[in-house]
Structure formats: structure tokens, C-alpha cells
Amino acid sequence: METQPRYLGLDVGNRRIGVAVSDELGLTAQPVLTLERKRSSREDMRSLARLARRFSVAGIVVGNPVHLSGDQSPQAAKTQAFAAALGELTGLPIHLWDERLTTHEAHQILYEAGHARQQHRKVVDQVAATLILQSFLESGTRD
């Protein structure tokens, strides 16, 4: 099987950014880490750019937090501005991906796996990033 371009998946929040990466075959998304946000989003972007280089990714998939109705949310505007700046910094294509319900779904998966609610905060962003990236991979959307 030939290797596929790898992607970084991000669940961007105000306090944390969940990070996932696709495998070499382009079939599955795996959680990587949760980045605690710094005061400067420039610093956050540099950390993400380093990860993108480390995994030699071809693009970055960013969860786009629109309202359930599909309307723009204030958080979506912030996320889109962050994603655009990250694209400029890394020179990589950015894919905004509908992430409605992924955080809820991530909590559900952790709950069903027997994790206590208090422990969710540490990993829920990674799980959400993994779900966002997995959904992107399964859609067959590529650069």
C-alpha cells in the first residue's frame, strides 16, 4: 500500500488545542497531544507549525465550530482567523471542517470507555481533534 499525505487535525478552543495526526496510509486519525494555549496565539501557531513539520503533513484540518443551525458562531470567526494565520505561517493548505457535536461525541466516547468526567478535560480535546480528522479522512476530501 502506498503512503498517503498525512494531515494534522485540530480542535481549537480558547484554553486548549486538541491535536491529532493521520497515519501513513491515510486511514485513521490518532490523538497526539493537548496544547495548553499560551498568552500569544503566535506562540501556539509556532508549536503547531513544529508539529506539522515533525509529522511531515500535507495539510491541516481545523474544526469549524458553527452553530447547529449552520450559522456562524463568534467562536467560528475566531477559529477561522486563527486557521488563516496558521496557514500563512506554515504555508500549508487549511481545511475548515464542520465540527458540530464532536466535543459532545468525544465526551460520550470517554464516558463509555469508563473515564471519570473529571479526567475528560485532559483528553477530550485530543479525542475531538481525532474525530474531526477521522471524519475528514473518511469523506475522501484531499488537496
Treat each ILVMFWY residue as a node, draw an edge where side-chain heavy atoms are under 4.5 Å apart, and state whether [X] and [Y] are in one component.
X	Y	answer
L137	V21	no
L8	V123	no
L35	V57	yes
V32	L48	yes
I94	I17	yes

Test side chain to side chain contact (heavy atoms under 4.5 Å, CB included) applied to D125 and R15, step by step: CA-CA 10 Å; D125 303 292; R15 289 196 220 72; over 6 Å; no
Measuring from atom CD1 of I60 to atom CG of L133, what distance do you get when rounded to the nearest 0.5 angstrom? 11.0 Å
I need the D44 CG to E36 CD distance, nearest 0.5 Å. 10.0 Å
How about N64 and Q80: does a side-chain donor come under 3.5 Å of a side-chain acceptor? yes
Please report the shortest heavy-atom distance between [X] and [Y], naming the atom on each side.
X	Y	value
A58	P5	CB-CB, 3.4 Å
L25	Q4	O-CG, 3.0 Å
A76	P65	CB-O, 3.6 Å
G13	R37	O-NH1, 2.7 Å
G9	A129	O-CB, 3.7 Å

[X] side chain near [Y] side chain, heavy-atom distance below 4.5 Å:
X	Y	value
V62	F82	no
K78	N14	yes
W97	S139	yes
Q134	T28	yes
V19	F55	no
L51	L33	yes

Between the main-chain N or O of L131 and the side-chain N or O of S135, is there a donor-acceptor pair closer than 3.5 Å? no
Can you check whether S56's main-chain N or O pairs, donor with acceptor, with R6's side chain at less than 3.5 Å? no
Over 60° means perpendicular and under 30° means parallel, so tell me whether H95 and Y7 are parallel, tilted or perpendicular.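 Answer is perpendicular, since the angle exceeds 60°.
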Scan L92, V12, L10 and name whichever one has a side-chain contact (heavy atoms from CB on, under 4.5 Å) with L86.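 Result: among L92, V12, L10, L10 is the only option passing the side-chain contact (heavy atoms from CB on, under 4.5 Å) with L86.
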